[in-house]
Amino acid sequence: MMAETQPDSISVEALARRAGVTRQTFYAHYTCIGAMLEEHLQGLLTEIAARHRRAFSDADDAVAPERLRELMTSVFADLDADDPRLAALLDGPVASEVEARFADLVTQFLTDADAAGSEALTPRENAAQARFFAGGFLSLLRHWLALGSERPPPEVMGGMLADFCLYGRKGRCPSLQLTEPTS
């Protein structure tokens with residue numbers, strides 16, 4: 001149903017009927033449709049945090065570019081691009097809250113990676129950096145989902161995101177260095 005209309009337009013009764021369950025069954029698990037989306041978002045955030053911990057648990061102070069590419073690639077590879085809940089979270093009325101929640105997670109990643117650097121910044125500067133990286137990830141994710149059948153593989157998207165984070169727009173972006181086809 002979320003692929004057909006906005007989540008705030010879906011009634012619990014219609015959703016339960018479509019799912020083949022009673023409203024009571026739905027309410028036994030969720031207080032509202034927003035709570036169902038919240039559970040999905042929390043699961044995504046928890047999984048990304050767990051992957052980040054595993055990827056960088058033994059890392060030196062500097063972020064290894066290859067590890068970041070692997071982490072970003074794994075996130076893109078394991079997302080169900082056709083899951084309408086993901087589109088509802090990214091493009092629906094809760095999108096600004098989703099970005100704030102991702103920014104909180106990114107704040108923790110940045111602090112864990114460079115506590116001294118984070119302490120040197122004002123809270124406003126830390127918040128701006130976290131919003132920048134979270135917004136970049138979410139925007140690239142929205143772009144990837146919108147490409148539909150033209151979606152590049154997760155390795156390309158993960159590499160691009162890692163390179164943008166590490167090197168910026170004009171910095172060294174190995175994943176963007178494409179060769180022209182030879183004829």
Side-chain angles (χ1 to χ4, degrees), residues 2 7 28-119 121 123 125-147 151-168 173-175:
M2 286 183 200
H29 297 280
Y30 307 105
T31 59
C32 61
I33 292 174
M36 182 179 64
L37 287 173
E38 168 61 29
E39 181 181 273
H40 185 62
L41 174 60
Q42 189 55 48
L44 291 172
L45 293 171
T46 300
E47 180 60 28
I48 290 170
R51 287 172 190 230
H52 188 271
R53 277 192 307 279
R54 285 192 304 270
F56 298 106
S57 63
D58 63 345
D60 297 332
D61 288 340
V63 174
E66 198 50 46
R67 282 191 182 194
L68 188 58
R69 282 188 199 92
E70 288 170 13
L71 172 67
M72 299 300 186
T73 296
S74 76
V75 170
F76 277 98
D78 292 337
L79 283 173
D80 180 356
D82 297 318
D83 187 338
R85 294 174 300 174
L86 185 57
L89 287 169
L90 294 174
D91 297 323
V94 297
S96 62
E97 182 185 333
V98 170
E99 187 166 331
R101 299 273 299 279
F102 267 92
D104 290 344
L105 183 63
V106 171
T107 297
Q108 190 59 54
F109 292 166
L110 293 172
T111 301
D112 291 348
D114 184 13
S118 294
E119 291 170 4
L121 300 174
E125 290 167 327
N126 275 316
Q129 284 187 359
R131 282 295 183 135
F132 174 81
F133 290 115
F137 168 70
L138 293 172
S139 180
L140 195 59
L141 181 56
R142 284 182 188 103
H143 172 67
W144 184 65
L145 294 175
L147 292 174
R151 276 184 207 115
E155 297 79 21
V156 171
M157 298 306 291
M160 278 190 216
L161 182 58
D163 289 346
F164 289 145
C165 290
L166 292 169
Y167 308 116
C173 286
S175 67

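Heavy-atom basis, side chains included; hydrogens, waters and symmetry copies ignored. One-based numbering along the sequence shown.
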- Query: Roughly how far, to the nearest 0.5 Å, is the CE atom of M160 from the CZ atom of F76?
  - Reply: 9.0 Å

- Main-chain N/O of L90 paired to R142 side chain as donor or acceptor, under 3.5 Å: yes

- Item | Separation between CE of M157 and NE2 of H143, rounded to the nearest 0.5 Å | 5.5 Å

- Note on the structure: In terms of heavy-atom contacts, P65 and Y167 come closest through CG-OH, 3.3 Å

- Message: Quick check: do L79 and L145 have side-chain heavy atoms less than 4.5 Å from each other?
- Response: no

- Query: Does the distance from a Lys or Arg side-chain N to an Asp or Glu carboxylate O, for R69 and E66, drop under 4.0 Å?
  - Reply: yes

- Message: For a side chain to side chain contact (heavy atoms under 4.5 Å, CB included) check, start with the C-alpha distance between V75 and L161, then their side-chain angles and the critical distance, and finish with the verdict.
- Response: CA-CA 11 Å; V75 170; L161 182 58; over 6 Å; no

- Item | Separation of M2 CE from D91 CG (nearest 0.5 Å) | 13.0 Å

- Message: List the residues meeting salt bridge (charged side-chain N to carboxylate O under 4.0 Å, His left out) with E119, not counting sequence neighbours, and say none if there are none.
- Response: none

- Can you name the side chain to side chain donor-acceptor pair (under 3.5 Å) partners of R51, sequence neighbours left out? E47, S74, D78

- Rounded distance [0.5 Å steps], NE2 in H40 versus CE in M36: 9.5 Å

- Rounded to the nearest 0.5 Å, how far does CG of D83 lie from CG of L89? 8.5 Å

Could you go through residues 98-110 and list every donor-acceptor pair under 3.5 Å that involves a side-chain atom there, pairing it with any protein atom two or more places apart or in another chain?
| residue | atom | partner | partner atom | Å |
| --- | --- | --- | --- | --- |
| R101 | NH1 | E38 | OE1 | 2.8 |
| R101 | NH1 | E38 | OE2 | 3.0 |
| R101 | NH2 | E38 | OE2 | 3.0 |
| R101 | NH2 | Q42 | OE1 | 2.5 |
| T107 | OG1 | A103 | O | 2.8 |
| Q108 | NE2 | D112 | OD1 | 2.7 |

- Spacing of CG belonging to N126 relative to CZ belonging to R131, to within rounding of 0.5 Å: 13.5 Å

